[in-house]
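Some notes on the structure that comes next.
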Amino acid sequence: MFHALVHYHEIALKGLNRGFFEQRLVHHLRSALKDQKGIQVDALPGRIRIDFPQESFWTRIRETLSRSFGVTNFSLARSVSIDYTSPDLNALKEAIHRDIPLNSFQTFRVLTKRAEKRFPKTSMDIDREVGAYLCEQTEKGVNLSKPDLTIYIELLKREAYYAFNKEPGPGGLPVGTGGKVLCLMSGGIDSPVAAYRMIKRGCKVVFVHFHGRPYLSRASEEKVKELVNLLTHYQLASKLYRVPFGDIQKQIVLGAPAPIRVVLYRRMMMRIATDLAAREDAWGLVTGDSLGQVASQTPGNIQVVSESTSLPILRPLIGMDKIEITQQAESIGSFDISIEPDQDCCSLFVPPHPNTRSRLPDIQHAELKLDVQGMVKQGIEQIESDEFVFPR
Ligand code: ATP
Ligand code: MG
């Protein structure tokens with residue numbers, strides 16, 4: 001039997017939250033691996049163990065762990081049972097010697113953690129004893145500060161685990177521990193990165209996209225579907241709402257001065273999103289805004305847009321540069337999808353000189369002439385939705 005030992009960060013786990021946190025992570029890993037027969041996921045004290053019958057499962061498990069938020073690090077481990085009535089390290093030492101990748105290192109060190117303190121020797125005693133044995137058997141040297149290979153030993157209630165590697169996980173918090181939020185997804189570079197960052201902080205993200213049909217093609221919708229599909233690899237199930245926005249924009253164009261259109265569009269998006277969030281029981285709205293990037297993201301316009309909803313608007317990219325956002329988009333794989341050409345509804349009816357410093361009283365005055373409630377109702381009534389799951 002092979003094992004993956006999964007570690008999470010202690011700080012997130014203080015006090016009463018610990019059980020909830022562990023349970024969410026175990027649940028996530030079980031769902032992420034449910035298509036793999038013969039794999040078992042269990043919570044042990046302070047870590048999670050995944051058992052699997054063949055080493056060939058490792059590629060998939062590794063891929064899964066590197067995408068599972070809440071995981072700090074993980075290793076491919078094997079185990080031997082420990083008899084605490086006559087505890088000795090012989091079986092462990094021999095097993096390590098049998099499995100050690102002899103050709104891959106010159107120097108090594110042993111690093112032991114005891115979750116089970118009944119064992120009479122301290123962690124350091126075990127490091128020394130196993131280290132001395134391996135030196136003798138392999139003729140390799142010990143180097144405590146910069147070894148080629150670290151041998152990790154973890155002593156638990158009935159067995160000892162050993163591993164020759166430890167890989168970093170993605171960090172963050174398990175999906176679901178941060179409640180549900182609704183992300184406004186445009187198909188651009190920024191909003192998928194914003195969604196990713198909220199999933200990483202433990203949120204379950206639901207998506208809404210406003211499209212320009214019937215005036216524009218389906219291209220932006222297809223792109224957003226691709227992006228949501230990609231992000232579903234991190235949260236395993238997603239829902240995307242698609243709202244026709246072309247007619248609503250047209251009403252705004254006909255009823256309000258050109259320079260403030262962009263802000264009015266955004267406020268309408270926020271109102272429709274707020275309605276959807278209530279149905280979904282989402283506690284916040286997420287956007288890909290980055291301060292000063294475009295006209296709708298100036299300090300003044302951000303304030304005026306924020307006034308259109310009672311929900312918190314989460315803007316995880318607000319302090320990031322475009323270059324930083326782009327790098328993140330590349331590393332999660334959304335960049336290539338985002339730069340595919342489309343027809344975003346924001347490009348529809350955009351005035352040549354949008355106001356970058358709109359004032360709330362002016363905006364409210366302009367909205368008096370529009371059927372705001374009617375537009376929200378219209379948007380909600382014409383909604384279409386899609387569900388995404390991973391693994392399929
Ligand atoms: P992005 O790269 O995410 O499109 P952007 O730099 O193009 O961002 P804007 O077009 O001003 O900036 O959009 C700011 C934010 O408003 C987006 O990140 C997104 O959250 C939301 N948004 C804009 N257009 C749409 C849309 N058509 N559907 C849903 N949300 C949108
Ligand atoms: Mg955009």
Side-chain angles (χ1 to χ4, degrees), residues 181-198 205-213 215-225 227-228 231 240-249 252 261-277 282 284-302 304-306 308-309 311-318 320-330 332 334-351 354-356 358 379 383-385:
V181 292
L182 179 66
C183 179
L184 286 80
M185 273 286 265
S186 67
I189 295 169
D190 306 328
S191 35
V193 176
Y196 170 86
R197 294 187 78 99
M198 295 316 298
V205 177
V206 181
F207 301 89
V208 57
H209 173 63
F210 298 88
H211 61 77
R213 263 196 293 141
Y215 304 100
L216 299 176
S217 74
R218 282 181 177 273
S220 76
E221 290 161 82
E222 293 310 316
K223 220 166 114 173
V224 168
K225 282 185 198 174
L227 289 165
V228 172
L231 291 164
L240 165 66
Y241 289 102
R242 287 179 283 120
V243 184
F245 204 60
D247 268 329
I248 294 174
Q249 282 176 284
I252 294 174
R261 270 181 214 162
V262 173
V263 167
L264 294 176
Y265 297 159
R266 283 280 179 278
R267 284 167 60 90
M268 281 315 302
M269 286 186 187
M270 288 299 166
R271 291 192 180 99
I272 294 170
T274 304
D275 207 278
L276 275 179
L285 305 178
V286 182
T287 72
D289 292 327
S290 153
L291 189 61
Q293 198 188 79
V294 289
S296 63
Q297 299 168 29
T298 59
N301 287 349
I302 281 184
V304 171
V305 171
S306 300
S308 59
T309 177
L311 288 176
I313 302 180
L314 309 166
R315 298 179 171 93
L317 314 186
I318 196 73
M320 287 172 79
D321 293 348
K322 194 76 190 185
I323 292 176
E324 293 169 316
I325 300 170
T326 302
Q327 280 167 349
Q328 180 119 60
E330 277 168 343
I332 62 182
S334 60
F335 183 78
D336 288 343
I337 306 172
S338 291
I339 58 170
E340 285 167 21
D342 70 349
Q343 291 186 301
D344 186 50
C345 72
C346 297
S347 59
L348 197 62
F349 314 126
V350 171
N355 192 342
T356 53
S358 51
I383 263 177
E384 295 167 284
S385 67

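Both ligands and their constituent atoms are indexed starting at 1 by order of listing. Hydrogens, waters and symmetry mates play no part in the numbers below; they use all other heavy atoms, side chains included.
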Using distance alone, determine whether [X] and ligand 1 share an N or O pair under 3.5 Å.
| X | answer |
| --- | --- |
| Met269 | no |
| Ile189 | yes |
| Val286 | no |

Hey, which atoms in ligand 1 end up nearer than 4.0 Å to a heavy atom of [X]?
| X | result |
| --- | --- |
| Asp289 | 14 (C), 15 (C) |
| Val208 | 29 (C) |
| Gly188 | 1 (P), 2 (O), 4 (O) |
| Thr287 | 20 (O) |
| Gln293 | 5 (P), 6 (O) |
| Gly288 | 17 (C), 18 (O), 20 (O) |

Do [X] and [Y] have a side chain donor and acceptor closer than 3.5 Å?
| X | Y | answer |
| --- | --- | --- |
| Ser306 | Arg315 | yes |
| Gln328 | Arg197 | yes |
| Thr298 | Thr356 | no |

Let's go through Ser290 and Ile325 carefully: what are the C-alpha distance in whole Å and the side-chain angles of both, what is the deciding distance for side-chain contact (heavy atoms from CB on, under 4.5 Å) to 0.1 Å, and is it a yes or a no? CA-CA 9 Å; Ser290 153; Ile325 300 170; 4.1 Å; yes

side-chain contact (heavy atoms from CB on, under 4.5 Å), paired with Lys225, selected from His209, Arg242, Met185: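 Among His209, Arg242, Met185, the one meeting side-chain contact (heavy atoms from CB on, under 4.5 Å) with Lys225 is Arg242.
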
Between Lys223 and Glu340, does any side-chain N to carboxylate O distance fall below 4.0 Å?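 Not counted as a salt bridge, because no side-chain N and carboxylate O are separated by less than 4.0 Å.
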
With a heavy-atom distance limit of 4.0 Å, tell me whether Met185 approaches ligand 1 through its side chain, its backbone, both, or neither.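 Backbone only; the side chain of Met185 stays clear of ligand 1.
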
For residues Tyr196 and Val205, determine if any side-chain heavy atom of one lies less than 4.5 Å from a side-chain heavy atom of the other.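 Side-chain contact under 4.5 Å: no.
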
Is a donor on one side and an acceptor on the other found under 3.5 Å between the side chain of Asp190 and the backbone of Thr287?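 No.
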
Under a heavy-atom criterion of less than 4.0 Å, does Arg266 contact ligand 1?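 Within the 4.0 Å threshold, so yes.
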
